[in-house]
**Student:** 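Quick one: this structure, given as structure tokens, is what I'll be asking you about.
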Number of protein chains: 2
Amino acid sequence: MTDATSARLADAFMHVAKRLRGRWMHQLAPLGLTPGQGRALGVIARAGDGIRMADLAGRLDIVPRSATSVVDGLEDQGLVLRRPDPGDRRSMLVTLTEAGRLLVSRIEQAQRGAAEEMFGTLEPAERDQLLAVLLRLNACGKHPGSI
Amino acid sequence: MTDATSARLADAFMHVAKRLRGRWMHQLAPLGLTPGQGRALGVIARAGDGIRMADLAGRLDIVPRSATSVVDGLEDQGLVLRRPDPGDRRSMLVTLTEAGRLLVSRIEQAQRGAAEEMFGTLEPAERDQLLAVLLRLNACGKHPGSI
DNA sequence: TATTGTTATACTCTATAACTATA
DNA sequence: TATAGTTATAGAGTATAACAATA
């Protein structure tokens with residue numbers, strides 16, 4: 001009984017996620033960015049004075065190799081730049097360029113637009129409730145491989 | 001204010017979706033299936049006497065081309081078979097083989113397992129509430145491209 | 001002409017393994 | 001030896017366009 005509800009939950013959940021991702025893609029496409037790049041640019045912007053690749057990967061919950069691809073794409077468009085960490089020359093610090101800084105607000109606007117398209121029909125109380133549940137789900141059990 | 005909540009909602013939502021997908025992949029991997037294949041096998045099983053490629057794609061909310069890849073994978077493993085629709089020779093009817101039938105219950109068990117790992121910590125009332133909200137979100141605004 | 005499914009192609013995201021350069 | 005980031009490679013998912021067979 002409970003199992004069936006969980007399965008239906010998972011199905012409905014992934015369906016919403018798919019649509020949310022699609023809307024986000026369409027919002028970001030005019031800016032020439034993929035969802036992953038948009039997300040990364042936000043993290044880099046919030047980091048302020050430069051963020052190391054490993055830390056960026058951690059914040060985005062992706063493996064370091066994926067962070068390389070994302071930053072490559074942003075760098076190709078002149079939105080970020082890499083410079084060696086003065087304190088540890090193995091590390092790279094990623095910072096926004098002026099062009100990147102100018103784009104951040106438009107990206108956040110696109111993200112909000114996609115989110116509003118998806119969740120705009122919910123009552124404010126429902127959103128708060130949903131957010132609380134999601135944060136709790138994210139808070140516990142961070143190990144996808146193990147139980 | 002509301003915008004900020006929606007953006008945080010979207011972020012938390014996609015994070016849960018990512019982890020749910022990861023757990024699902026790990027549950028299905030021992031069966032040699034990808035999440036898309038597992039989902040498709042369930043739809044084909046519920047269709048009973050054969051489902052057309054276009055209908056399968058519609059149920060999975062993917063483009064017909066993607067359905068071809070999914071069914072290819074299942075057919076390679078001998079879990080489904082294609083036969084021409086007697087009523088319209090342009091169409092293909094996809095049905096389960098005996099091997100596919102035997103696997104369905106294990107797949108559903110894996111899906112429930114992943115869902116339980118993710119949503120098991122929620123109270124029953126919370127699950128019902130969450131499910132209701134998700135179904136409502138999926139019910140309205142089915143057009144990702146347009147507004 | 002329109003529809004069904006396919007081949008061909010491409011891009012995003014993800015992941016593992018091996019390599020380079022530092023530490 | 002250990003770590004940071006990269007190159008190399010691979011597979012899943014998605015999408016569009018062009019094509020063949022059929023309606």
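Bear in mind that the values here come from a model prediction, so they are computed numbers and not experimental data. Chain letters run A, B, ... following the sequence lines, proteins first, then strands; residues in each count from 1. Side chains are part of it too, since the values below use all heavy atoms of this structure and drop only hydrogens, waters and symmetry mates.
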**Student:** A:F13 vs B:F13 aromatic rings, parallel, tilted or perpendicular, using cut-offs 30° and 60°?
**Tutor:**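 Rings of A:F13 and B:F13: parallel, under 30°.
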**Student:** For a quick check of understanding: with a heavy-atom distance under 4.0 Å over all strands, which category does A:D85 fall into, base, sugar-phosphate or nothing?
**Tutor:**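 The answer is nothing, as A:D85 stays clear of every strand by at least 4.0 Å.
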**Student:** Would you compute the distance between atom CE of B:M92 and atom CD1 of B:I51 and round it to the nearest 0.5 angstrom?
**Tutor:**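 B:M92 CE to B:I51 CD1: 14.0 Å, rounded to 0.5 Å.
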**Student:** Could you state the interatomic distance from OG (B:S69) to CG (B:L74), rounded to the nearest 0.5 Å?
**Tutor:**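 So the OG of B:S69 and the CG of B:L74 are separated by 11.0 Å.
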**Student:** For the CG atom of B:L20 and the CZ atom of B:R23, what is their distance to the nearest 0.5 Å?
**Tutor:**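 Going from the CG atom of B:L20 to the CZ atom of B:R23 covers 8.5 Å.
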**Student:** When the distance from CG of A:D72 to P of D:dA8 is rounded to whole Å, what number comes out?
**Tutor:**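 Whole-Å distance recorded here is 12 Å.
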**Student:** Is there a donor and acceptor pair closer than 3.5 Å between the side chain of A:R90 and the base of D:dT3?
**Tutor:**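 It does, because a donor-acceptor pair links the side chain of A:R90 to the base of D:dT3 below 3.5 Å.
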**Student:** Does some side-chain heavy atom of B:S6 sit less than 4.5 Å from a side-chain heavy atom of A:R127?
**Tutor:**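 Side chain of A:R127 against side chain of B:S6, heavy atoms only: contact under 4.5 Å found.
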**Student:** Tell me which of B:S91 and A:Q37 sits closer to the 5' end of DNA chain C, going by the nucleotide each one is nearest to.
**Tutor:**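 Its nucleotide being nearer the 5' end, the pick is B:S91.
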**Student:** For DNA chain D, which residues of residues 46-67 of chain A approach it to below 4.0 angstrom with any heavy atom?
**Tutor:**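 Within this stretch, A:R52, A:M53, A:A54, A:R65 sit under 4.0 Å of the strand.
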**Student:** If only atom types and distance count, is the side chain of B:N138 paired as donor or acceptor with the main-chain N or O of A:A12 below 3.5 Å?
**Tutor:**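 At least one qualifying donor-acceptor pair exists.
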**Student:** Give A:R39 one of three labels, base, sugar-phosphate or nothing, depending on what nucleic acid heavy atoms sit under 4.0 Å from its own.
**Tutor:**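 Counting heavy atoms under 4.0 Å across all strands, no contact is made by A:R39.
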**Student:** To the nearest 0.5 Å, how far apart are CG in A:L103 and CG in A:L33?
**Tutor:**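 Going from the CG atom of A:L103 to the CG atom of A:L33 covers 5.5 Å.
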**Student:** Keeping B:T97 on the side-chain end and B:G78 on the backbone end, is there a donor-acceptor pair under 3.5 Å?
**Tutor:**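 Indeed, once roles are kept as given, a pair shorter than 3.5 Å links the two residues.
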**Student:** Could you state the atom-to-atom distance from CG of A:D88 to P of C:dT20 in whole Å?
**Tutor:**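 Value for this atom pair: 19 Å.
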**Student:** Distance check needed: C:dT12 P versus A:H26 NE2, whole Å only.
**Tutor:**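 The answer, rounded to whole Å, is 14 Å.
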**Student:** For A:T68, answer base if it contacts any base atom (sugar-phosphate contacts may also be present), sugar-phosphate if it contacts only those atoms, and nothing otherwise; contact means non-hydrogen atoms under 4.0 Å.
**Tutor:**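 Base: the residue A:T68, judged by heavy atoms under 4.0 Å, touches a nucleobase.
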**Student:** Kindly say if A:T34 contacts the phosphate of C:dC13, meaning a side-chain N or O under 4.0 Å from OP1 or OP2.
**Tutor:**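 Answer is yes, contact under 4.0 Å.
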**Student:** Who are the side-chain contact (heavy atoms from CB on, under 4.5 Å) partners of B:Q111, not counting sequence neighbours?
**Tutor:**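 Here the qualifying residues are B:W24, B:I107, B:E108.
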**Student:** Without decimals, in angstroms, what is the distance between A:L28 CG and C:dT12 C1'?
**Tutor:**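 Rounding to the nearest Å, CG of A:L28 and C1' of C:dT12 are 13 Å apart.
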**Student:** Whole-Å distance between C:dT14 P and B:M25 CE?
**Tutor:**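 In whole Å, C:dT14 P lies 11 Å from B:M25 CE.
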**Student:** Nearest whole angstrom, please: distance from the C1' of D:dT14 to the CE of A:M14.
**Tutor:**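 Checked: the CE to C1' distance equals 14 Å.
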**Student:** May I have the distance from A:W24 (atom CH2) to C:dT12 (atom P), rounded to whole angstrom?
**Tutor:**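 It works out to 15 Å between those atoms.
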**Student:** Would you say A:R89 places a side-chain N or O within less than 4.0 Å of OP1 or OP2 belonging to D:dA4?
**Tutor:**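 Answer no for this pair, as no side-chain N or O of A:R89 is under 4.0 Å from OP1 or OP2.
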**Student:** Would you say a side-chain N or O of A:K18 is under 4.0 Å from OP1 or OP2 of D:dG13?
**Tutor:**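 No, because none of the side-chain N or O atoms of A:K18 sits under 4.0 Å from OP1 or OP2 of D:dG13.
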**Student:** For A:R59, look at atom CZ and say whether over 12 heavy atoms of other residues, nucleotides or ligands are found less than 6.0 Å away.
**Tutor:**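 Atom CZ in A:R59 is not crowded, with 12 or fewer foreign heavy atoms closer than 6.0 Å.
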**Student:** Take atom CE of B:M92 and atom C1' of D:dT22, then tell me their distance rounded to the nearest Å.
**Tutor:**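 Atom-to-atom, B:M92 to D:dT22, this comes out as 13 Å.
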**Student:** Please confirm whether the shortest side-chain N or O distance from B:R82 to OP1 or OP2 of C:dG5 is below 4.0 Å.
**Tutor:**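 Negative; the distance criterion is not met.
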**Student:** Please round to 10 degrees the angle between the axis of the first five pairs and the axis of the last five pairs in the helix from C:dT1-D:dA23 to C:dA23-D:dT1.
**Tutor:**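 What I find for the helix from C:dT1-D:dA23 to C:dA23-D:dT1 is an axis angle of 20°.
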